[in-house]
Amino acid sequence: MLETGLVSKAIDVEEIRKDFPILKRKVHDKRLVYLDNAATSQKPKQVIDTLIDYYSNYNSNIHRSVHQLAEEATQAFEAAREKTRAFINASKTDEVIFTQGTTEGLNFAASSLVSKYVKKTDSIVVTEMEHHSNFVPWQQAAKRAGAYFEIVSVDDEGFLDFSDLDNKLKGAKIFAFSESSNVLGSNLDAKELTKRAHENGALVVVDGAQSAPHMPVDVQNMDCDMFAFSSHKMLGPTGVGCLYGKRDLLASIPPFLYGGDMIKEVHRKETNWNDLPWKFEAGTSNIADVIGLGSAIDYLKRMGMSNIRRHETEICRAALEELAKFPDVEVYGPKVAENRSAAISFNVAKIHPHDVASILDEEGVAIRSGHHCAQVLMERLGVSATARASFYLYNGYDDLEALIEGLKKVRQVFQ
Ligand code: C6P
């Protein structure tokens with residue numbers, strides 16, 4: 001039997017849960033056990049209150065009008081940019097571009113970098129474990145440029161095959177990879193990979209969708225050229241994210257979208273771009289949700305990203321141990337908790353992952369099943385889908401126990 005205590009050493013789960021109104025609700029008359037955090041996280045009342053406060057008290061457009069509300073909204077928006085800068089340790093706020101999320105950031109990177117830096121017969125390198133958002137934009141940009149599109153193999157442990165990587169990096173112009181896989185949970189050494197790519201003269205774009213919410217990120221130390229992540233996976237609102245880019249690189253590439261706020265002067269034949277970062281933020285921004293992201297960052301900062309990482313590693317270790325007790329459950333990705341995130345994909349022999357997820361849902365346990373937008377990786381694993389339980393700071397050992405008890409039910413139903 002599992003230890004059922006709510007409190008792990010690094011994080012006081014019981015206290016944290018009080019901040020998340022949704023965790024009080026029941027699903028099918030059972031306590032909600034939310035283990036679909038890799039898809040999206042729940043929101044604390046502090047973030048919800050920030051949105052209510054914005055819409056109730058100072059809703060206004062930014063960077064345009066001189067009235068009081070516009071001043072307050074602009075200040076809060078730019079304060080969120082500074083919080084985001086500090087969160088990833090970028091050196092300047094003008095390296096922080098607000099986007100709709102990781103997907104838009106990566107599309108922007110692929111479109112702008114390839115049009116400027118990639119020519120016919122150059123190569124763009126990604127990996128087999130990429131989410132479609134960090135695969136398709138590069139695949140399509142390579143086609144448009146007439147460039148080669150290379151895919152680095154994943155080894156059986158869930159990491160990159162380094163001899164394949166070194167081969168494919170030779171002469172590459174861009175290397176794009178996820179710091180943490182949404183399926184395998186593998187945490188890659190982004191600093192080392194960036195160094196190897198730079199030695200080969202390639203620009204490095206990192207998909208941080210699954211790393212930024214769960215561990216400390218330092219883009220200066222990593223030395224990547226671009227880094228994308230989403231607010232909704234890190235306690236913030238949906239519809240907003242960030243693309244970090246090194247200043248000189250951002251200054252060298254063309255805008256991705258054209259419209260209001262991204263221009264300095266428009267003449268009949270010519271247009272001059274606004275300064276960074278506004279050059280890349282055309283149209284009215286998602287003001288409320290950017291301010292909400294700032295509030296999520298405040299919350300995460302209070303908890304401490306290293307504490308969150310430690311907490312998730314503890315839960316992950318216990319989950320791997322418990323899952324290993326089922327002879328018919330196959331877990332994908334690294335088997336050592338320290339090398340991975342707490343997004344754990346698995347299959348139960350002869351039972352479709354959608355059936356696993358449906359029966360768990362009856363027990364109040366929310367997990368995801370499917371290909372997780374990583375079909376090339378599914379092909380590599382030789383499966384069409386997996387079940388995935390993914391933990392966050394408000395998950396305790398009682399949630400893991402609910403998952404394990406639910407899996408026992410799944411196996412009973414299909415006996
Ligand atoms: N993965 C999952 O359940 P957006 O949707 O733009 O916020 O993030 C896209 C994305 C990019 N890269 C990685 C590694 C991701 O995991 C995701 C989103 C979710 O795994 C939804 S498909």
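Sequential numbering from 1 along the given sequence is applied to the chain's residues. Computed from a prediction, not measured in an experiment: that's the story for all the values here.
- Aromatic ring pairs are classed by plane angle as parallel below 30°, tilted from 30° to 60° and perpendicular above 60°; the pair Phe229 and Phe87 is tilted.
- Side-chain atoms of Asn182 and His372 include no donor-acceptor pair closer than 3.5 Å.
- When only modelled atom types and interatomic distance are considered, Ser230 and Thr102 share a side-chain donor-acceptor pair under 3.5 Å.
- Considering every non-hydrogen atom in both Trp138 and Leu113, the closest pair reads CH2-CD1, 4.4 Å.
- The two residues Ile315 and Tyr397 come nearest to each other via the heavy atoms CD1-N, 4.0 Å.
- Annotation for Ala76 and Ile291: closest pair CB-CD1, 3.6 Å, computed over non-hydrogen atoms.
- A side-chain donor from one of Asn37 and Asn395 sits under 3.5 Å from a side-chain acceptor of the other.
- Of all heavy-atom pairs between Gln42 and Phe20, the closest is O-CE2, 3.6 Å.
- In summary, Glu322 and Lys325 engage in a salt bridge, as defined by a charged side-chain N under 4.0 Å from a carboxylate O.
- A 4.5 Å side-chain heavy-atom check between Met222 and Glu179 finds at least one atom pair inside the cut-off.
- Residues His232 and Thr40 have side chains that bring a donor and an acceptor to within less than 3.5 angstrom of each other.
- The two residues Met226 and Gly245 come nearest to each other via the heavy atoms CG-CA, 4.0 Å.
- Asp36 and Arg388 are joined by a salt bridge, as a carboxylate oxygen and a charged side-chain nitrogen come within less than 4.0 angstrom of each other.
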